[in-house]
Amino acid sequence: MSERLPAEFADLEAFAATWSLPTERQRYDQRLASTIADMEAFYDAVVPRAEEAMTYLEGLPFDALPDDAANLLHLLYSMIQVSFPVEVWHQPKVPDTGSSTLDTFIEPVP
Amino acid sequence: MPRFPKPPEGSWTEHYPELGTQTVSYEDSISPEYYEREQAAIFKRAWLNVGRVEQLPRVGSYFTKDVKAAHAAILVVRTKGGVRAFHNICRHRGNKLAWSDDPKQDTAGFCRQFTCKYHGWRYDLDGALTFVQQDGEFFNLDKDKTGLAPVHCDVWAGFIFVNFAREPEQSLRDFLGPMVTNLEGYPFDRQTSRFGYSTTINANWKLYMDAFAEFYHAPVLHAKQSPEKYSSLAQQAGFEAPHYQIEGPHRLVSTSGVRFWEMDTELVKPMEILTRSGLFGPWDASDLGEMPPGVNPGKCDPWGLDSFQLFPNFVILIWSQGWYLTYHYWPTSYNTHVFEGNVYFLPARNVRERVAQEMAAVTFKEFGLQDANTLEATQMMLETRYVDRFHLNDQEILCRHLHVAVRDWVTAYEGSRA
């Protein structure tokens with residue numbers, strides 16, 4: 001299978017299939033479908049590379065990112081998504097939110 | 001000792017004596033009969049915001065909007081002469097005119113004319129009937145008198161408002177009043193990077209308005225969103241707003257700012273440091289230029305946000321960091337409503353700005369989910385009716401005012417018809 005991420009971020013390739021997701025709905029659903037251990041492993045791998053990833057992406061035209069760079073950006077969005085369960089909730093869902101939903105119907109691209 | 005000075009009367013609530021300080025009833029939020037009265041007295045008479053002009057980028061752009069609280073479903077379209085609204089109904093036999101796939105869902109798009117799916121009657125963008133299939137078969141059909149039924153529609157600061165009254169009693173501008181119109185000049189139009197969220201809430205629409213009308217809940221309900229050290233400090237301090245303002249049926253609260261970027265790292269989450277962003281928005285403020293006089297009218301310093309709550313169901317929340325939110329609460333029954341939240345930023349120019357926006361938007365959703373679920377719990381218990389008087393403190397003045405404004409509109413309308 002071809003690589004999803006730029007070669008400089010090959011160490012994150014193992015997470016790309018699960019977490020390089022273009023929409024918030026997909027990222028939120030993936031979060032709810034994941035265990036805390038899964039999300040901690042992803043968080044621990046991506047956070048130390050986030051600064052370099054942003055610097056790498058800053059070197060490219062923001063409104064015309066190549067696919068591998070867009071995948072890397074989506075991985076950063078997922079990093080933000082999992083930071084809530086990992087840093088504060090210690091469970092995938094916001095506690096005490098029962099059946100509450102808040103569905104994204106529009107978001108900026110990229 | 002209050003942290004911020006209160007009005008000379010001793011409290012914000014007593015500064016507005018029509019509000020009273022007594023315990024309140026939420027009968028207005030648990031009664032199907034009262035909801036019907038609100039529909040007639042408020043949702044069919046007040047100016048309602050249904051969207052922004054950026055949703056209609058060119059002549060022929062349209063969107064539909066189901067406004068159940070006014071028993072209406074409308075079509076909003078950009079014409080050569082500006083934005084217009086019509087009831088979304090074909091004049092032939094009443095079919096919904098514009099819809100895609102599921103007529104119960106709203107839709108949006110672009111067209112040169114509207115064609116009914118049923119028998120092919122056509123209307124131009126200004127609503128005129130332009131084509132009738134086999135028109136010779138009809139009796140006394142005057143096409144000139146059979147255009148789409150118009151809905152009063154006006155635009156303020158790029159916000160599209162409609163009014164379902166036969167003749168609105170006030171112009172949109174008079175209805176909004178100076179507290180709101182003084183926001184003119186704020187660059188709503190430049191903040192086109194939009195995150196939109198929607199959900200159905202099993203609670204009366206006013207209870208969610210109330211939830212976002214006070215921040216007394218914030219240090220408690222949202223405590224666990226922050227590192228423990230921050231939340232225990234926040235809970236100890238409690239919440240006080242430096243400025244409240246009420247004008248007609250509309251209301252405003254301003255808060256003081258929190259400078260997270262100057263805080264000890266133990267008080268801030270690692271992801272906030274990494275993305276330089278959080279609940280209050282990107283830490284590196286967007287430069288929106290000079291602010292109009294309506295922004296931060298209490299001249300709070302430091303200043304965090306202004307939450308303008310426009311009667312009946314629309315909120316514009318302006319953050320000092322240079323972004324804004326809107327909330328809409330669309331009633332669907334006495335104990336359900338559809339909540340829509342929109343987060344608007346200047347378009348990101350680079351990856352770091354975009355990442356900071358993502359963090360602010362995701363944080364908004366985390367908080368919103370917490371707010372939503374308490375409402376269902378409140379609605380359930382209010383409906384038991386075993387306890388029917390409740391206490392509101394001075395930081396909850398705007399909750400008190402919403403219910404008073406609703407009561408006044410219902411009373412005035414019913415009085416005028418008696």
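Residue numbering restarts at 1 for every chain, and letters A, B, ... go by the order of the sequence lines. Just so we're clear, the structure is a prediction, and the values are computed from it rather than from any experiment.
Scanning both residues, A:P108 and B:R354, for their nearest heavy atoms gives O-NH2, 3.5 Å. Listed here is the closest heavy atom pair of A:F105 and B:Y197: CE2-N, 3.4 Å. Of all non-hydrogen atoms in A:T97 and B:L369, the two that sit nearest each other are CG2-O, 3.6 Å. Shortest non-hydrogen contact noted between B:N373 and A:G98 is ND2-N, 3.3 Å.
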- request: Could you check A:E24 against B:F195 for side chain to side chain contact (heavy atoms under 4.5 Å, CB included), going step by step and ending with a plain yes or no?
  value: CA-CA 10 Å; A:E24 191 276 344; B:F195 297 75; over 6 Å; no
- prompt: Can you list the steps and then say if B:L274 with A:M54 is a side chain to side chain contact (heavy atoms under 4.5 Å, CB included)?
  reply: CA-CA 10 Å; B:L274 181 56; A:M54 285 191 278; 4.3 Å; yes
message: Working note: B:V351 + A:F62, criterion side chain to side chain contact (heavy atoms under 4.5 Å, CB included); need CA distance, chi angles, decisive distance, verdict.
response: CA-CA 7 Å; B:V351 162; A:F62 176 61; 3.8 Å; yes
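Around the CG atom of B:D189, the shell of radius 6.0 Å holds more than 12 heavy atoms that belong to other residues, nucleotides or ligands. Environment of CG in B:D101: sparse, with no more than 12 heavy atoms of neighbouring residues, nucleotides or ligands closer than 6.0 Å.
Contact of A:P61 with chain B is not made at all, since no heavy-atom distance falls under 4.5 Å. For B:A361, no part lies near chain A; criterion is any non-hydrogen pair under 4.5 Å. Heavy atoms closer than 4.5 Å to chain A are found in the side chain of B:F339, but not in its backbone. Only the backbone of A:D96 comes within contact range of chain B, judged by heavy atoms closer than 4.5 Å.
Looking only at heavy-atom pairs under 4.5 Å with chain A, the residue among B:P347, B:G196, B:G341 that has the most is B:G196. Chosen from B:T374, B:N350, B:L375, the residue pairing most often with chain A at heavy-atom distances under 4.5 Å is B:N350. Of the residues considered (A:V109, A:T104, A:V88, A:L73), A:T104 shows the highest number of contacts with chain B, using heavy-atom pairs under 4.5 Å. Annotation: maximal heavy-atom pairing with chain A below 4.5 Å, among B:T363, B:N342, B:T192, occurs at B:T363. The choice from B:E358, B:Q370, B:E340 that makes the most heavy-atom pairs within less than 4.5 Å of chain A is B:E358.
Using a 4.5 Å heavy-atom cutoff, the side chains of A:L102 and B:F367 are not in contact. When side chains are defined from C-beta on, B:M271 does not count as touching A:F84, because their heavy atoms never get closer than 4.5 Å. Side chains of A:S99 and B:E376 form a contact here, defined as non-hydrogen atoms less than 4.5 Å apart. Contact of the B:R352 side chain with the A:T55 side chain is registered, since non-hydrogen atoms from C-beta on lie closer than 4.5 Å.
To the nearest 0.5 Å, the span separating OG on A:S100 from CD1 on B:I201 amounts to 6.5 Å.
Contact check on A:E107 versus B:R194 returns no salt bridge, with no Lys/Arg side-chain nitrogen under 4.0 Å from an Asp/Glu carboxylate oxygen.
The closest donor-acceptor contact from the side chain of B:S198 to the backbone of A:D103 lies at 3.5 Å or more, if one exists at all.
Contacts between residues 26-41 of chain A and chain B, defined by a heavy-atom separation under 4.5 Å, are made by A:R27, A:Y28, A:R31. Residues of residues 74-81 of chain A that come closer than 4.5 Å to chain B, counting heavy atoms only, are A:L76, A:Y77, A:M79, A:I80, A:Q81, ordered by residue number.
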